[in-house]
Amino acid sequence: MQNLTEEILKATKEALDDISSCSDIQSLRKISSVYKGKESKLYKILTEISKLQGDEKKFIGSCINESKEKIDNVLLQKEQELKISEYEKEESEYLDITLNKEDKKLGSTHPVTQMIQKIVDVFSLYGFSHVTDREIETDWFCFQALNMDVDHPAREMQDTFYIEENHILPRTHTSSVQIRTMIKAKPPIRIISAGRVYRNENQDARHSFMFYQYEGLIIDNNISIADLKSILTQALRKIFENDKIDLRLRHSYFPYTEPSFEIDATCMLCQGKGCKVCDFKGWLELLGAGMVHPQVLRNVKIDPKKYQGFAFGGGPERLIMIKNEINDTRLFYENDLRFLSQLKKL
Ligand code: PHE
């Protein structure tokens, strides 16, 4: 009897080992017929049972049944596992040759986003770090700190939508970021910032209630107008990929810079000869700029006797419009793919 139980155990182990190492349904079926068939070791042991008596017969019989049951269960479990993995394999290899080839239409970033990225990249070459800040501002950051008191007439140029309670408003220019940066950081400061600004404008081809601006600021020792002109000339040449561009500074007025300028660049479409785009002047107006007003520095607790700086600001849309000879700002925000996909890659 000792021998028989050992043989049963050995036969069961062999069967279980074979089942567990099996890796496809066909071989599992073969294994199953071998272990359940008349040639199997367990069947042979079963035939020996008739030679046994009473309790012994009963015991060996129940051992065989137990082992058969175990083998059946493991077979069933293995079969399920193999079916699932074969189904998954078929799924992943499934190829429907009747399907049309997929016409992949890839999107792209909006031209304004591309231009902002280009501006940020170019200015980073001159040590400007990119900062962004909130679009909903307080009156102080948007106007008062920039030397435009509550009743300052220059506010007229930048009317916006006011919420009287808490004195908040959608910012009218990115110059508020200058103030936020100067309050947080100590000189030397070199930043470039870009984002949406809002004004109360009548919608027409040149005006929109929302548009984009980029703004640069340097605060350091011994900064002069020559630095302003030289950095901006180099940066604009890089942005337009045109080394022939020159700048000219025209006197202008902003309450937060003194002196203030409008900056024009050689018209890159006619190389300064005069064309429709530049109104036959040979120059294109690109930016507002100036040396930071000492009162603005005092407002943010920077000593104007120790530090000076310049700031400039302009519209990325304007740069794209020049490059692509577009004459209507509203086209940028209508999301008409026919327009957007016509634009030259920046
Ligand atoms: N904030 C000005 C505008 O919106 C542009 C500007 C920026 C001018 C910085 C001078 C210095 O028109």
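Note that ligands are numbered from 1 as they come in the structure, with each ligand's atoms numbered from 1 the same way. Keep in mind that what you see is a predicted model, and the values were worked out from it rather than measured.
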Asker: What atoms in ligand 1 come closer than 4.0 Å to a heavy atom of H173?
Answerer: 1 (N), 4 (O)
Asker: Any nitrogen or oxygen of T172, side chain or backbone, less than 3.5 Å from one on ligand 1?
Answerer: no
Asker: Kindly say whether the aromatic ring centers of F261 and Y253 come within a distance under 6.0 Å.
Answerer: no
Asker: Going by the order shown, which atoms of ligand 1 are within less than 4.0 Å of some heavy atom of Q158?
Answerer: 3 (C), 4 (O)
Asker: Please identify which atoms of ligand 1 are closer than 4.0 Å to at least one heavy atom of G313.
Answerer: 6 (C), 7 (C), 9 (C)
Asker: Is S260 touching ligand 1 with its side chain, its backbone, both, or neither, if touching means heavy atoms under 4.0 Å apart?
Answerer: neither
Asker: Just jot down the salt bridge (Lys or Arg N to Asp or Glu O under 4.0 Å) partners of R237, sequence neighbours excluded, or say none.
Answerer: D246
Asker: Could you tell me the residue and atom name of the protein heavy atom closest to atom 9 (C) of ligand 1, and the distance to it rounded to 0.1 Å?
Answerer: E215 OE2, 3.4 Å
Asker: Check whether the side chains of Q295 and Y256 place a donor and an acceptor atom closer than 3.5 Å, and report yes or no.
Answerer: no
Asker: For ligand 1, which atoms, with element, lie under 4.0 Å from some heavy atom of S175?
Answerer: 1 (N), 7 (C)
Asker: Hey, is the main chain of V292 close enough, under 3.5 Å, to the side chain of Q308 for a donor-acceptor pair?
Answerer: no
Asker: Within the 4.0 Å heavy-atom shell around A311, which atoms of ligand 1 are there?
Answerer: 9 (C), 11 (C)
Asker: Can you tell me if Y126 and K238 form a side-chain donor-acceptor pair at under 3.5 Å?
Answerer: yes
Asker: Have a look at Q178, Q213, R171 and point out the one with the heavy atom closest to atom 4 (O) of ligand 1.
Answerer: Q213
Asker: Decide whether D24 and S27 meet the rule of one side-chain donor and one side-chain acceptor closer than 3.5 Å.
Answerer: yes
Asker: May I ask you to establish whether R180 and F141 are in a cation-pi arrangement, using a distance under 6.0 Å from NZ or CZ to the six-membered ring centre and at most 45° from the ring axis?
Answerer: yes
Asker: Looking at ligand 1, is there an atom of it that comes within less than 4.0 Å of some heavy atom belonging to M291?
Answerer: no
Asker: Please check this pair: side chain of R155 against backbone of M148, looking for a donor-acceptor N/O pair closer than 3.5 Å.
Answerer: yes
Asker: Where the closest heavy atom to atom 1 (N) of ligand 1 is concerned, which of Y256, F310, Y253 has it?
Answerer: Y256
